[in-house]
Amino acid sequence: PFLPNRARKINAASQDLDYEYSQTFGLISERLARPTANNMPLCRYLNGWLNRNTPEIICENLTGEFPRTSICVNFQWHGQRHRDYGNEGPSIIKTFGQHTGGQLRLWNQDCPSGKLSDLSQSDATLADPSAQVVFYNGTLAHETVPFSGERYSVIWFTSKAWDKEI
């Protein structure tokens, strides 16, 4: 079960809540996330799952095993349009559970210094992480399409702190 994460409220679309159900494992902000040590079997399982279920070539510039330092697991998270500032960019998402909707809307031509509100939905593409793993650049604008049902998302990424000593 997830504990309420009051620190990650910034992008939650459900404004009536004071928290979201989310947990990050691995490296964040030049330190290991607190729950990492107590959940190493889960971290190994999720990384092994990704290794077994990622296409050999996930983008034109990256072959082989996807480099990652961190895993974020969410439940019922409706991510509003945002850019991830704590990671290097390359990210993979997969969703699970009985839900409809919940695709990832991506602005692949986004200018990270631009205003999110200036982006048009007509310039975005939709990817369905319930059907397959989706590779995307987390530093470019993205959002979760509304969904119904139970939706879990797992996101693998590389923290900007990957090259720092911890």
Side-chain angles (χ1 to χ4, degrees), residues 5-17 19-33 46-47 50 53-96 99-148 151-164 166:
N5 186 341
R6 298 182 199 295
R8 278 201 70 215
K9 174 65 177 148
I10 297 169
N11 294 315
S14 300
Q15 298 302 319
D16 57 332
L17 296 177
Y19 57 85
E20 60 185 51
Y21 292 101
S22 174
Q23 188 60 66
T24 301
F25 302 97
L27 189 62
I28 56 171
S29 303
E30 300 182 24
R31 65 177 176 79
L32 282 178
L46 292 171
N47 278 317
L50 182 65
N53 291 280
T54 303
E56 201 163 306
I57 298 175
I58 55 177
C59 76
E60 59 190 47
N61 298 323
L62 182 63
T63 59
E65 195 171 291
F66 177 73
R68 69 274 189 180
T69 62
S70 312
I71 306 166
C72 185
V73 181
N74 305 296
F75 174 65
Q76 300 300 89
W77 192 66
H78 294 82
Q80 292 182 340
R81 190 176 303 175
H82 68 283
R83 298 178 183 107
D84 299 334
Y85 293 102
N87 76 39
E88 287 289 335
S91 304
I92 287 181
I93 183 172
K94 178 69 174 99
T95 61
F96 304 90
H99 64 277
T100 57
Q103 295 89 347
L104 189 63
R105 185 173 286 127
L106 303 163
W107 282 266
N108 293 317
Q109 304 305 315
D110 177 30
C111 174
S113 62
K115 294 171 90 177
L116 289 170
S117 59
D118 289 344
L119 296 171
S120 170
Q121 279 194 16
S122 64
D123 294 331
T125 59
L126 282 180
D128 186 0
S130 69
Q132 61 186 23
V133 296
V134 173
F135 178 82
Y136 67 103
N137 183 341
T139 63
L140 300 180
H142 55 285
E143 68 185 9
T144 305
V145 171
F147 62 88
S148 61
R151 181 180 183 268
Y152 294 85
S153 59
V154 182
I155 303 162
W156 293 264
F157 63 96
T158 299
S159 169
K160 282 192 174 185
W162 70 269
D163 61 345
K164 308 288 190 278
I166 56 170

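Computed from a predicted model, the values in this text were never measured in an experiment. We're numbering straight along the sequence, starting at 1.
- For the pair Q80/L116, no side-chain contact is recorded, criterion being any heavy-atom separation below 4.5 Å from C-beta on.
- Taking CZ from F25 and OG from S70, the interatomic distance works out to 11.5 Å, rounded to the nearest 0.5 Å.
- Shown here are the side-chain contact (heavy atoms from CB on, under 4.5 Å) partners of E143, two or more places apart in sequence or in another chain: R81, R105, W107, Q121.
- D110 places none of its side-chain heavy atoms less than 4.5 Å from the side chain of H142.
- Residues satisfying the side-chain contact (heavy atoms from CB on, under 4.5 Å) test with S153, not counting sequence neighbours, are N74, I93, T95, R151.
- Two residues are said to be in side-chain contact when any heavy atoms from C-beta on lie closer than 4.5 Å; F147 and Q103 fail this criterion.
- One finds the CG atom of L126 at 8.0 Å from the CG atom of L106 (value rounded to the nearest 0.5 Å).
- Residues satisfying the side-chain contact (heavy atoms from CB on, under 4.5 Å) criterion with S122, sequence neighbours excluded, are S120.
- Shortest non-hydrogen contact noted between P129 and A127 is CD-O, 3.1 Å.
- T69 places a side-chain N or O within donor-acceptor distance of the main-chain N or O of S159, the cut-off being under 3.5 Å.
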Query raised in the report: Would R68 and I92 satisfy side chain to side chain contact (heavy atoms under 4.5 Å, CB included), going step by step from the backbone distance to the final call?
Result: CA-CA 9 Å; R68 69 274 189 180; I92 287 181; over 6 Å; no

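- Proximity of V73 to L46: side-chain heavy atoms (C-beta onward) are separated by under 4.5 Å at one or more points.
- Residues passing the side-chain hydrogen bond (donor to acceptor under 3.5 Å, both in side chains) test with S148, sequence neighbours excluded: T100.
- With rounding to the nearest 0.5 angstrom, the CG atom of D118 is 10.5 Å from the SG atom of C111.
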Solution key, residues 132-140 side-chain donor-acceptor pairs under 3.5 Å, sequence neighbours excluded:
{"from": "N137", "atom 1": "OD1", "to": "T139", "atom 2": "N", "distance (Å)": "2.9"}
{"from": "N137", "atom 1": "OD1", "to": "T139", "atom 2": "OG1", "distance (Å)": "2.6"}

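- No side-chain heavy atom of H99 sits less than 4.5 Å from a side-chain heavy atom of Y152.
- For D123, there are no side-chain hydrogen bond (donor to acceptor under 3.5 Å, both in side chains) partners, not counting sequence neighbours.
- When atom types are taken as modelled, the side chain of D84 and the backbone of G86 share no donor-acceptor pair closer than 3.5 angstrom.
- Distance alone, capped at 3.5 Å, places no donor-acceptor pair between the N87 side chain and the F157 backbone.
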